[in-house]
Amino acid sequence: MAEFDYDLFVLGAGSGGTRASRVAAAHGARVAVAEEYRVGGTCVIRGCVPKKLLVYGAHFAEDLRDAAHFGWDVPSPCAFSWTRLRDNVLREVDRIEGAYTQTLNSKGVTILPQRAVVTGPNSVRLADGSEVTAERILVAVGAHPAIPECPGHEHGITSNEVFHLDALPRRILIAGGGYIANEFAGIFNEFGSQVILANRSNDILRGYDQQIRDRLLQISMTKGIDFKFNAAFRGIDKGADGCLTVHLANHDPVVVDQVLFATGRRPNTHGLGLESAGVELDELGAVKVDEDNRSTCPSIFAVGDVTNRIQLTPVAIREGQAFADSFYGNQPSRVDYGCVPSAVFSHPPLAGVGLTEAEARQQLGSVKVYSSDFRPMKNVLADRNERALYKMVCDGVTDRVVGIHMIGPDVPEILQAAAVAVKAGLTKADFDATVALHPSMAEELVLLK
Ligand code: NDP
């Protein structure tokens, strides 16, 4: 008789937990996964997937405005139904959740739709009170939106609620200047809301190349988004009419209909019982793990946002895969965190891989930067004065491309392919040796001066 109920017990059926569960089960392990909310996790249920679908919806606003230049007469103003888009998006989320559930079932993974907490190195307790044992436990519980402590914060919403709004807000203030803030600023602005983005610092999207961030700021302001910087959040008053008065440091109060907090995310470790098993957390509450995703308790592992390494779905998936292959597939593997590409689905989107110009100048002795600042063909005909910017950062001695940073239409699609070249260590000369694909925007990458 087996010593434990399962070989592997996974907490959380998000991107990392689902991948680890199904791969471990495919390798022959007896696996159970507990999920307190919905199979799919943040990315599928209230993150990347519904967000990207809203971004598609928002792009129609631009296309409809540009249509006349391409010969199409579209009634103006065009009617937009938020509730129709919202319901279609939520239906698609349901479909994907179903597909994830089916995959887990087909691999023989036991899904337990309830919260589980760790009670020891090899045991968990489920919400129904039952105790389950496992040889290994994988913590893949993700993270949650962090909200600044301030009076009236309960009147604001987060990315958890934003996909379910009953109506489009006429005026919305978005707190934060990172991924979620800039993506939703673009979405709501295209839908016709008046958007204010308020950040505590004097910049947006820390970590991305400065020139690319500056270009997004300039285009967003031209599109009508109002930015307030050095605007630490002080509080919200709700009036009898339902309007929200927002108090910000260094700025006059602003009155809006909705406040969206996009001020970072914190690991979901509170009350999870990890301390009882000797699992150490860092100062933000993230599970400390080694290169094999092992915590300070030898039988407990963690992957994804709960470890606060790189908070991106494809990274969590790789971590889950590496964990399952290493411990159940006899294929030891570790995630390579170098040159992870990322994108912000703002309007227009931006994307980057490798070192920014500032990082390269700090880390390498000599740096060469090539760039192209151009107006995409489609924008010219549409009379849209919106310029794209592509930058290639190279090691000045070896000519190796160490970073590519882009803003403009479809750049996440273009950067994914370019990231292969950066990861492979190709040089500027390799790019130059490739014949341009004309006419495209991507061809600028092999024509950089
Ligand atoms: P980000 O870390 O991108 O940005 C957080 C923003 O909030 C920063 O501008 C920061 O200011 C500000 N902030 C942080 N703490 C506070 C505070 N206490 N009070 C006021 N402002 C604060 O977080 P997001 O919430 O936008 O997204 C969370 C994570 O989710 C991202 O880091 C990303 O990894 C992931 N994500 C990825 C997406 C993608 O791949 N396209 C899309 C959405 C999310 P400061 O300027 O000082 O740093």
Side-chain angles (χ1 to χ4, degrees), residues 14-16 41-56 142-151 153 156-163 173-187 196-208 210 212-213 216-217 220 227-236 246-251 259-268 283-286 304-317 319 337 340-353 406-407 411-413 415-416 419:
S15 299
T42 301
C43 175
V44 170
I45 307 296
R46 45 197 184 187
C48 327
V49 170
K51 180 276 307 291
K52 184 72 187 276
L53 293 169
L54 291 187
V55 167
Y56 280 128
H144 64 276
I147 297 177
E149 277 298 325
C150 64
H153 64 77
I157 59 167
T158 68
S159 53
N160 286 350
E161 293 80 33
V162 73
F163 300 105
L173 182 140
I174 304 177
Y179 284 82
I180 297 176
N182 282 284
E183 292 181 343
F184 276 95
I187 289 169
I196 298 169
L197 189 150
N199 198 21
R200 64 175 178 181
S201 68
N202 63 355
D203 215 338
I204 56 168
L205 290 166
R206 222 180 322 187
Y208 277 93
Q210 188 68 52
I212 303 292
R213 294 191 263 167
L216 177 65
L217 185 59
S220 301
F227 287 82
K228 296 195 186 300
F229 290 118
N230 301 309
F233 217 85
R234 292 276 189 259
I236 309 175
V246 181
H247 302 279
L248 303 164
N250 304 313
H251 294 270
V259 172
L260 170 65
F261 288 109
T263 42
R265 294 174 63 83
R266 295 279 175 275
N268 280 332
E283 60 286 355
L284 290 177
D305 287 0
V306 76
T307 63
N308 201 16
R309 286 173 281 186
I310 302 180
Q311 289 184 347
L312 294 175
T313 293
V315 173
I317 290 173
E319 289 168 354
Y337 294 94
V340 172
S342 62
V344 182
F345 293 91
S346 41
H347 280 73
L350 59 86
V353 64
M406 316 166 85
I407 180 167
V411 296
E413 306 293 340
L415 187 94
Q416 176 67 85

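What you see is a predicted model, and the numbers here were worked out from it, not measured in a lab. Computed from heavy atoms alone, side chains included, the values below leave out hydrogens, waters and symmetry copies. As the structure lists them, so they are numbered: ligands from 1, and atoms in each ligand from 1.
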(request) Could you tell me whether the side chain of Pro348 reaches within less than 4.5 Å of the side chain of Val411, counting heavy atoms only? (result) no
(message) I'd like to check the salt bridge (Lys or Arg N to Asp or Glu O under 4.0 Å) partners of Arg309; sequence neighbours left out, ordered by chain and number.
(response) Glu319
(request) Verify the neighbour count for atom CD of Gln416: are there more than 12 heavy atoms of other residues, nucleotides or ligands below 6.0 Å? (result) no
Please set out all donor-acceptor pairs under 3.5 angstrom arising from side-chain atoms of residues 175-187, sequence neighbours excluded.
unit_1	atom_1	unit_2	atom_2	d
Tyr179	OH	Tyr208	OH	3.0
Asn182	ND2	Gly177	O	3.0
Asn182	ND2	Gly178	O	2.9
Glu183	OE1	Lys51	NZ	2.7
Glu183	OE2	Lys51	NZ	3.3
Glu183	OE2	Phe345	N	2.8

(message) I'd like to check the salt bridge (Lys or Arg N to Asp or Glu O under 4.0 Å) partners of Arg265; sequence neighbours left out, ordered by chain and number.
(response) none
(request) Run through ligand 1 for me and note each protein residue having a heavy atom under 4.0 Å from it, chain first, then residue number. (result) Lys51, Pro148, Gly176, Gly177, Gly178, Tyr179, Ile180, Glu183, Asn199, Arg200, Ser201, Arg206, Ala262, Thr263, Gly264, Arg265, Gln311, Leu312, Ala343, Phe345
(message) Using the side chain to side chain contact (heavy atoms under 4.5 Å, CB included) definition, which of the options Asn250, Leu248, Asp203, Ile204 pairs with Phe229?
(response) Ile204
